[in-house]
Student: 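The structure that follows is given in the form of structure tokens.
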Amino acid sequence: MYDLLIRNAVIVTVDPQHRVFENGYIAVRGNTIAAIGAMEELPEEVQAAKVIDAKGKAVLPGLIDGHGHGGHCLTRTLGDQYANWDDMAEEIYFHYTDDDFWYAEAALAAAERLKFGITTAVSMIASTPRSDRLEILQAHFDGALKTGIRELSGIGFSDGPWPKHPHIYVDGIRKETVLTPEQVVENTEKAVKTMNGVHPRQFCIVAPGNLTPRADDTPEFAAWKNREMARIAHEYGVALHTHARTGGIQFTYDTTPEFFGPHTSLTHSTGLTQSEIDIVAKTGAVVFHGPTTRANISVRCPVYEILRAGGEVVIVTDGTAPDRSYDIWRDMKVFQVIHRIHEHDSTLAPPGRVLEMCTIRAARALGIDHLTGSLEVGKRADIIIVNTNQPHLAPFNILPEARLVAHAHGQDVETVIVDGEIMMENRIMLHCDEQRILDDAAAAQSKLFERLGPEKMKKYTTYPGLYEIQSKKVD
Ligand SMILES: [Zn+2]
């Protein structure tokens with residue numbers, strides 16, 4: 001007797017043998033995949049508490065989005081044309097938010113991701129993490145987890161200058177506080193120590209915002225920061241997740257080589273030198289590349305140089321502000337397009353590898369491949385069903401990996417199962433009230449806009465040249 005049986009499906013396992021069952025079944029007991037195979041091997045007497053007939057539909061492992069930002073779903077579009085977007089994000093996240101904002105945003109973001117088939121998500125809290133209060137991180141986890149998603153979030157160093165003076169809201173009153181670098185280390189360690197595993201799908205990791213030292217950091221300070229972040233991640237056996245760009249990898253390797261390892265994720269990794277590419281390849285650190293992010297505009301991530309050197313790359317959304325989506329299906333396709341165009345080679349980025357970059361390879365980089373990332377007996381039942389019985393995907397009968405990567409969208413995901421529990425069925429979320437999430441998000445955003453006031457709001461919502469061939473930035 002199984003708890004759940006999905007039958008008659010096209011099953012893309014993304015397992016080590018790359019098995020695809022053209023007409024297959026997958027059975028779940030508790031939170032675990034108990035059996036998987038071709039329909040003709042399914043004994044007739046098999047029974048299950050719940051049976052889903054997925055005739056002709058595609059069944060895949062739940063997708064993994066290895067990088068996004070807590071906060072961004074309530075600042076989407078804001079400052080789209082503002083010259084100092086990073087400063088705006090820092091101002092909003094460190095000075096104008098309360099705990100309700102972080103809770104409501106996290107629920108909205110997790111709902112968006114889950115509805116696109118993402119069963120495991122990584123979120124960096126704010127643009128660079130707010131580490132002054134663990135309540136913010138907990139509010140984020142609480143919001144995200146109520147949707148049923150598996151959430152990896154953490155804190156670590158944000159950008160200086162130090163000390164920082166974040167504002168908090170107590171009973172609606174805005175108060176300035178002080179945050180020292182020593183407090184960041186203390187809070188990061190406390191978070192990982194006390195918040196990891198509190199909920200079975202709550203994973204607290206170490207997530208410093210940037211690897212590259214700021215101009216006003218001394219090299220000694222920057223090295224100390226990185227060393228402390230690596231120490232905490234290693235001591236508690238959790239992933240180390242950061243942004244990286246040219247210079248930062250070299251500096252950190254020269255001063256803190258222990259920072260790098262197979263569970264170190266280097267988001268963006270734009271403009272890497274040959275020496276930095278070699279560091280990525282030899283240490284096993286993984287580049288988390290967001291094909292649709294703005295980080296690639298001024299300088300590219302040398303994805304194929306890294307891969308050819310033997311390095312590992314996975315695909316992330318970097319959702320969602322100001323102009324991105326958590327629809328990781330878009331990123332899969334854009335990944336193919338931008339790298340094929342750059343290398344003038346349509347044989348690059350084959351769809352099987354692209355799918356792995358959003359499933360098993362991402363799971364491996366985050367140290368959770370024993371749990372998720374592929375459909376294999378003994379792993380957690382993180383399963384999605386894609387409705388291929390639609391004009392843009394049917395007849396679904398040739399090379400399912402290629403059809404899905406080229407033609408599927410997040411909204412084609414019909415059913416989402418995490419840890420053996422059906423979290424969405426026929427696009428209805430079952431573990432939370434979707435309308436309530438939307439209402440809470442709207443209320444939290446209204447409060448934020450009110451606090452920002454009309455002058456700032458005008459600056460962040462002005463878009464000169466919206467209909468011209470080239471727009472202008474707002475200062
Ligand atoms: Zn990012």
Side-chain angles (χ1 to χ4, degrees), residues 64-80 82 84-94 97 102 105-106 108-110 112-113 118 120-131 136-137 140 144 151-159 205-212 214 229 239-249 252 264-272 280 285-301 303 313-328 330-331 334-335 338 357-358 362 365-366:
I64 298 175
D65 180 9
H67 185 77
H69 288 268
H72 276 21
C73 284
L74 288 181
T75 60
R76 280 188 287 227
T77 316
L78 211 61
D80 198 40
Y82 184 54
N84 303 309
W85 187 90
D86 286 330
D87 293 345
M88 180 202 79
E90 164 94 7
E91 179 187 45
I92 290 175
Y93 294 144
F94 279 83
T97 54
W102 297 104
E105 192 280 341
L108 185 69
E112 179 182 348
R113 279 169 146 170
I118 293 165
T120 297
V122 179
S123 304
M124 187 178 274
I125 306 300
S127 260
T128 62
R130 263 200 80 159
S131 313
I136 290 174
L137 181 57
H140 170 87
E151 182 76 14
L152 284 75
S153 299
I155 52 171
F157 270 97
S158 48
D159 284 345
I205 60 174
V206 176
N210 278 317
L211 210 51
T212 310
R214 282 168 54 96
M229 296 294 99
L240 191 46
H241 180 79
T242 184
H243 291 133
R245 61 178 194 279
T246 186
I249 291 176
T252 307
T264 304
S265 31
L266 305 168
T267 307
H268 301 323
S269 290
T270 49
L272 302 196
V280 169
V286 181
V287 167
F288 278 33
H289 168 59
T292 59
T293 71
R294 291 184 170 195
N296 304 306
I297 293 174
S298 53
V299 55
R300 56 184 279 276
C301 171
V303 164
V313 176
V314 306
I315 295 172
V316 301
T317 64
D318 195 24
T320 56
D323 58 356
R324 297 180 287 278
S325 167
Y326 276 133
D327 186 351
I328 199 165
R330 285 190 192 188
D331 293 270
V334 173
F335 178 88
I338 61 174
M357 287 174 162
C358 304
L366 296 165

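Whatever order the structure lists them in is the order used to number ligands and atoms, beginning at 1.
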Student: By the definition side chain to side chain donor-acceptor pair (under 3.5 Å), identify the one residue from E105, E151, H69 that meets it with S123.
Tutor: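 Only one option passes, and that is E151.
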Student: Is there a side-chain contact between D318 and H72, using heavy atoms and a 4.5 Å cut-off?
Tutor: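 No, every pair of side-chain atoms sits at 4.5 Å or beyond.
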Student: To the nearest 10°, what's the angle at the Zn ion (ligand 1) between atoms NE2 (H67) and NE2 (H243)?
Tutor: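 The angle at the Zn ion (ligand 1) comes to 90°, rounded to the nearest 10°.
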Student: What N, O or S atom of D318 is found closest to the Zn ion (ligand 1)?
Tutor: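 The nearest such atom is OD1.
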Student: Verify the distance criterion only: is there a donor paired with an acceptor across the side chains of D331 and T292 at less than 3.5 Å?
Tutor: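 Checked: D331/T292 side chains pair up, N/O donor to acceptor below 3.5 Å.
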Student: Students often mix this up, so state it plainly: with edges at 30° and 60°, are the rings of H67 and H241 parallel, tilted or perpendicular?
Tutor: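 Taking H241 first and then H67, their aromatic rings sit tilted (interplane angle of 30° to 60°).
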Student: So that I can check it, does any N, O or S atom in H268 come closer than 2.8 Å to the Zn ion (ligand 1)?
Tutor: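 Looking at H268, which is the residue asked about, there is no N, O or S atom under 2.8 Å from the Zn ion (ligand 1).
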